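Here the structure is laid out as structure tokens; the discussion comes afterwards.
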Amino acid sequence: MSGHHHPPDPRSYNGTLSHKAVRNRMYRNNSLSTSEAVSLFDVGAGQEQGGRPFQEDRFVVALPDHFPSKVEDKVAFFAIYDGHGSGLVSEHVSQTLHHLVGERQEFERGDWAVAIKAALEEEDSILLDRFKRESAEPALSGSTVAVCCINLTVGELIVSNLGDSHVILAERDPKTEHPYHIRRLTETHKPEVPREKARIEAAGGTTTIRGGTPRLGALNMSRALGDLQYKNPVNTFDPVPDPAASTSSRSESRGNFLSNDPYTSRRTLHSDRRYLLLMVSDGVSDRVDDASLVQHVMKLSMRGKRASEIATEITTNSAGHQHSDNASCIVAMLDGQGS
């Protein structure tokens, strides 16, 4: 794990906080503003190290009053970053990405999907500069990305992801709180997915199977931040040039084997409905299917548990198994103004 530690950003909750502090981090909005289509009623996060030697997951919960943007609408930003190789990239991304997104001109113009895509490219550029100036670690360390930007004023949700951290949205029955219309808003980016395999090979890379798992080099994913050894220009640095290499496979022509181009989806949040938003790292989603997870969350909610307590119980359960992974979870309850 990286030895770089930064003080928590006072404008956000992020996973560098201690477990005790994380469990006590919560937000409940008890006053519905008539200017908002949707109210963020309750949000909380939980995180556990599991059976891993280090905690390399990070998360961010930036509330509307603290999200760094000039837009007048109320915006909440949630993210989960699952690090691998070390915690360097996930730590760096947790400190910077919400600023990169919120401060872009595209974000101010309402082009949020464009702003997120550009911010991810900018983050990799910053990591490349760090690689050139400081150390090789950004080439050997990386992070998944799952990001939610919620415009509470107009009721719009933008989700972007790289890798295998996921976002799940469900509607809650206003009378019974039972969940329905459960859907995953993210894609899983794996080397064995046909279009991902084709993209990797078109960029000059190859996929292999190691230990029964399809991989891009050492990675079991095909999109992430960092891991610059699989991206141009670092992947063009051949230590010993091969004189027999054909012109078409020359290292200079390589693209990004590992992509930072996100999958993005958009949803309208209606003012007459209630929603449950879940964000999880694969330490949770590999243990339980989306529908069962949503059902369990709502069962705990109907027993009176707060979002932070629920998120902590989810990650504690996931991390309690043998050989368990780092586990992170964000739980948010969103209520339409007329629900």
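Note that the structure is predicted; figures quoted are calculated from it, not measured.
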Between D282 and R287 (salt bridge meaning N to carboxylate O under 4.0 Å), is one present in this structure?
no
Tell me if a side-chain donor or acceptor on T315 pairs with a main-chain N or O of T312 at a distance below 3.5 Å.
yes
Shared hydrophobic cluster, I150 / L63 (ILVMFWY, side-chain heavy atoms < 4.5 Å):
yes
Inter-residue atom distance R273.CZ - Q337.CD, 0.5 Å rounding
16.0 Å
Does D124 use its side chain to pair, donor to acceptor, with the backbone of G226 at less than 3.5 Å?
yes
Which heavy atom of L140 sits nearest to which heavy atom of Q229, and what is that distance?
CD2-NE2, 3.8 Å
If only atom types and distance count, is the side chain of R183 paired as donor or acceptor with the main-chain N or O of H181 below 3.5 Å?
yes
Is a donor on one side and an acceptor on the other found under 3.5 Å between the side chain of S301 and the backbone of V297?
no
The single option from V167, T186, L185 passing side-chain contact (heavy atoms from CB on, under 4.5 Å) against M279
V167
side-chain hydrogen bond (donor to acceptor under 3.5 Å, both in side chains) between Q47 and S328, intermediate numbers included
CA-CA 4 Å; Q47 192 173 65; S328 296; 3.1 Å; yes
Any chain of hydrophobic side-chain contacts (each under 4.5 Å) joining Y230 to I209?
no
Which residue, V93, T144, L258, forms the side-chain contact (heavy atoms from CB on, under 4.5 Å) with L225?
V93
Main-chain N/O of A45 paired with S308 side-chain donor or acceptor, under 3.5 Å
no
Test: E156 and R266 ion pair at under 4.0 Å
yes
From NE2 (H189) to OG (S165), nearest 0.5 Å:
11.5 Å
Salt bridge check: are R195 and E187 linked by an N-O gap of less than 4.0 Å?
yes
Assess whether side-chain contact (heavy atoms from CB on, under 4.5 Å) is satisfied between V154 and E36, documenting all intermediate values.
CA-CA 7 Å; V154 302; E36 299 168 35; over 6 Å; no
Establish whether V288 and V331 are linked, either directly or via other cluster members, by ILVMFWY side-chain heavy-atom contacts under 4.5 Å.
yes
Side-chain donor-acceptor contact under 3.5 Å, S259 with N256:
no
Heavy-atom side-chain contact between L152 and V75 under 4.5 Å:
no
Following the transitive rule for hydrophobic clusters with a side-chain heavy-atom cut-off under 4.5 Å over Ile, Leu, Val, Met, Phe, Trp and Tyr, establish whether M302 and L300 coincide in one cluster.
yes
Close side-chain approach of L277 to L157, heavy-atom, < 4.5 Å:
yes
Residues D57 and S281: side-chain donor-acceptor under 3.5 angstrom
yes
Does any pair with a residue in residues 206-228 pass salt bridge (Lys or Arg N to Asp or Glu O under 4.0 Å), and if so which ones, sequence neighbours excluded?
E196-R223
Intermediate values then yes/no, side-chain hydrogen bond (donor to acceptor under 3.5 Å, both in side chains), T188 and H166
CA-CA 8 Å; T188 300; H166 291 295; 3.1 Å; yes
Using 4.0 Å as the upper bound for N to carboxylate O, is an ion pair formed by E122 and R104?
yes
Less than 4.0 angstrom from a charged side-chain N to a carboxylate O is my criterion; do E201 and K197 meet it?
yes
Within the side chain of S324, is there an N or O that forms a donor-acceptor pair under 3.5 Å with the backbone of G51?
yes
Check P262, C148, C149 against S160 for a side-chain contact (heavy atoms from CB on, under 4.5 Å) and give me the one that passes.
P262
Criterion side-chain hydrogen bond (donor to acceptor under 3.5 Å, both in side chains) on E137 and S86, from CA distance to verdict
CA-CA 8 Å; E137 196 167 358; S86 80; 2.6 Å; yes
Once you round to the nearest 0.5 Å, how far does CE of M221 lie from CG of L162?
10.0 Å
Is E121 atom CD crowded by more than 12 heavy atoms from other residues, nucleotides or ligands, each under 6.0 Å away?
yes
Within the side chain of D111, is there an N or O that forms a donor-acceptor pair under 3.5 Å with the backbone of V114?
no
About how many Å separate CG of N161 and OG of S265, when rounded to the nearest 0.5 Å?
8.0 Å
Would you say T96 and E123 are linked by a side-chain donor-acceptor pair, where the criterion is simply a distance under 3.5 Å?
yes
Is there a path of hydrophobic side-chain contacts, each under 4.5 Å between heavy atoms of I, L, V, M, F, W or Y residues, that connects Y263 with Y81?
no
Nearest 0.5 Å please: distance from the CG atom of L169 over to the CG atom of L269.
6.5 Å
Donor-acceptor pair, Q295 side chain versus M298 backbone, under 3.5 Å?
no
Check the side chains of Y275 and E171 for a donor-acceptor pair under 3.5 angstrom, ignoring hydrogens and angles.
no
Counting only N and O atoms by type, is there a donor-acceptor contact under 3.5 Å from the side chain of T236 to the main-chain atoms of N232?
no
Per the ring pair (Phe, Tyr, Trp, His ring centres under 6.0 Å) rule, what does the pair list look like for residues 108-165, sequence neighbours excluded?
F107-W112
Keeping N326 on the side-chain end and F54 on the backbone end, is there a donor-acceptor pair under 3.5 Å?
yes
Using side-chain heavy atoms (C-beta onward) and a distance below 4.5 Å, is P214 in contact with T207?
no
Just one of K117, R199, K231 clears the salt bridge (charged side-chain N to carboxylate O under 4.0 Å, His left out) bar with D261, so which one?
K117
